[in-house]
Amino acid sequence: MRALLISLLLALVVGACSTVPGTGRSQLLLLSSGEEMRLGSDAYVEMLAAERIIESGNDAAMVQRIGERIAQSAIELLPKSDAKRFRWEFKLIDAPDMVNAWALPGGKTAVYTGLLAITQDEDSLAAVMGHEVAHAIARHGNERMSHGMVLQIGMLGAQMSTRDMDPDDRNMVMAGLGLGANVGVMLPFSRSHESEADEIGLMLAANAGYNPEAAIGLWQRMGAASSGAPPEWLSTHPSSETRIRRLRELMPAAQEVYRKALNNGR
């Protein structure tokens with residue numbers, strides 16, 4: 001049985017390798033693109049059902065305008081991605097206390113009104129929306145699910161390997177493995193996704209004609225608004241300081257993309 005699990009695990013890993021558009025990083029994807037987008041569409045309907053959507057006004061128009069420009073930017077900048085197959089939608093949700101935005105597989109994107117007090121301008125909101133769209137284009141949700149499946153298979157193998165141990169010792173071993181997998185694998189993995197989305201999103205926004213420098217001020221304001229956050233190693237997200245440092249490293253390349261976009265009339 002153990003050999004069967006190992007063979008299954010190797011087959012999954014070898015047969016489901018892909019490459020992230022925009023960075024070239026190899027990734028494990030066990031769901032097809034179609035399955036992923038169907039899940040995203042179903043989740044979108046459920047998530048919006050309990051929310052109040054703002055359909056008109058300057059803020060709603062801004063979200064729609066930024067979204068459309070970033071979607072077109074993704075199609076142009078990442079032609080090998082699924083961006084051209086996405087059925088893009090961009091919604092503004094009335095939730096003043098919610099400082100957040102998201103994008104699901106298939107391009108279903110939403111911004112909460114509470115975020116607008118932090119972004120403050122169109123270029124900064126474009127940095128956030130570019131980041132969220134980047135998650136969808138990079139298929140990070142699929143990748144997280146895929147790694148979760150692999151870890152489940154690994155934990156099952158560990159359970160089988162320890163079945164002859166004393167029950168108390170076995171429980172301690174399994175609890176330690178679970179904690180180690182979370183802190184040592186899944187959390188760093190999530191932070192790497194956030195950093196990758198920062199990179200791709202910065203380029204998408206710059207290519208859409210939004211000043212990438214705005215991302216620096218955005219994360220400075222985000223950091224000031226998120227006092228009391230857990231230490232980075234216990235968080236799913238990099239600290240604001242880490243993000244700003246990485247964005248500064250990427251800024252020369254982003255500024256070059258931005259200059260070309262301005263020369264093209266954006």
Taking every non-hydrogen atom, the tightest pair across [X] and [Y]:
{"X": "Ala197", "Y": "Ala134", "result": "O-CB, 3.6 Å"}
{"X": "Ser146", "Y": "Leu31", "result": "OG-N, 4.3 Å"}
{"X": "Val99", "Y": "Gly114", "result": "CG2-O, 3.6 Å"}
{"X": "Ser26", "Y": "Glu143", "result": "O-OE2, 4.5 Å"}
{"X": "Ser124", "Y": "Thr119", "result": "CB-O, 3.1 Å"}
{"X": "Leu115", "Y": "Met222", "result": "CD1-CE, 3.6 Å"}

Can you list the residues that meet the salt bridge (charged side-chain N to carboxylate O under 4.0 Å, His left out) rule with [X], with sequence neighbours excluded?
{"X": "Arg52", "answer": "Asp94"}
{"X": "Arg69", "answer": "none"}
{"X": "Arg87", "answer": "none"}
{"X": "Glu122", "answer": "Arg65"}

Listed once per pair and sorted, the salt bridge (Lys or Arg N to Asp or Glu O under 4.0 Å) pairs that draw on residues 198-226, sequence neighbours left out | Asp198-Arg243, Glu199-Arg246
Please say yes or no: joined through hydrophobic side-chain contacts below 4.5 Å, possibly via intermediate residues, are [X] and [Y] part of one cluster?
{"X": "Val128", "Y": "Met62", "value": "yes"}
{"X": "Val133", "Y": "Val20", "value": "yes"}
{"X": "Val111", "Y": "Tyr44", "value": "no"}
{"X": "Met47", "Y": "Met98", "value": "yes"}
{"X": "Trp219", "Y": "Met129", "value": "yes"}

side-chain contact (heavy atoms from CB on, under 4.5 Å) between Ile54 and Ile93, intermediate numbers included | CA-CA 6 Å; Ile54 299 176; Ile93 297 175; over 6 Å; no
Without hydrogens or angle criteria, can the side chains of Thr242 and Ser239 be said to hold a donor-acceptor pair below 3.5 Å?
-> yes
Scan side-chain atoms only and decide if His140 and Glu194 contain a donor-acceptor pair under the 3.5 Å cut-off.
-> no
Got more than 12 heavy atoms from elsewhere within 6.0 Å of NZ, Lys84?
-> yes
Is atom CG of Asn58 surrounded by more than 12 heavy atoms (other residues, nucleotides or ligands) closer than 6.0 Å?
-> no
Under the side chain to side chain contact (heavy atoms under 4.5 Å, CB included) test, residues paired with [X] that sit two or more places apart:
{"X": "Glu76", "result": "Gln72, Asn207, Arg266"}
{"X": "Thr19", "result": "none"}
{"X": "Ala126", "result": "Ile66, Ile70, Ala205, Tyr210"}

Which value, rounded to the nearest 0.5 Å, describes the distance between [X] atom [atom1] and [Y] atom [atom2]?
{"X": "Ser240", "Y": "Ile216", "atom1": "OG", "atom2": "CD1", "value": "11.0 Å"}
{"X": "Leu116", "Y": "Asp121", "atom1": "CG", "atom2": "CG", "value": "11.0 Å"}
{"X": "Gln255", "Y": "Leu250", "atom1": "CD", "atom2": "CG", "value": "12.0 Å"}
{"X": "Asn142", "Y": "Gln27", "atom1": "CG", "atom2": "CD", "value": "7.5 Å"}

Evaluate side-chain contact (heavy atoms from CB on, under 4.5 Å) for Ile200 paired with Leu78, printing each intermediate quantity in order.
-> CA-CA 10 Å; Ile200 297 171; Leu78 304 172; 4.1 Å; yes
Below 4.5 Å, heavy atoms only, C-beta onward: do Pro212 and Met251 meet side chain to side chain?
-> yes
Does a side-chain heavy-atom distance below 4.5 Å link Val63 with Lys91?
-> no
Side chain to side chain donor-acceptor pair (under 3.5 Å) pairs, two or more places apart, involving residues 102-116 = Glu89-Lys108, Trp102-Tyr112
Test side-chain contact (heavy atoms from CB on, under 4.5 Å) applied to Ile137 and Phe86, step by step = CA-CA 9 Å; Ile137 290 174; Phe86 284 2; 4.0 Å; yes
Looking only at atom types and distance, does a side-chain atom of Glu35 sit under 3.5 Å from a main-chain N or O of Ser32, one as donor and one as acceptor?
-> yes
Examine distances only and state if a side-chain atom of Glu36 and a backbone atom of Gly141 form a donor-acceptor pair shorter than 3.5 Å.
-> no
Should Glu256 and Arg259 count as an ion pair when the cut-off is N to O under 4.0 Å?
-> yes
Chi angles and distances behind the side-chain hydrogen bond (donor to acceptor under 3.5 Å, both in side chains) call for Arg85, Ser33 = CA-CA 10 Å; Arg85 298 178 54 223; Ser33 178; 2.9 Å; yes
Kindly determine whether Glu55 and Ile53 satisfy side-chain contact (heavy atoms from CB on, under 4.5 Å), including the steps that lead there.
-> CA-CA 6 Å; Glu55 301 284 359; Ile53 310 303; 3.7 Å; yes
Could you tell me which residues satisfy side chain to side chain donor-acceptor pair (under 3.5 Å) with [X], sequence neighbours excluded, listed by chain and number?
{"X": "Asn211", "result": "none"}
{"X": "Thr23", "result": "Glu196"}
{"X": "Glu51", "result": "none"}

Describe, in one word, how the ring planes of Trp88 and Phe90 are oriented to each other, choosing from parallel (under 30°), tilted (30 to 60°) and perpendicular (over 60°).
-> parallel
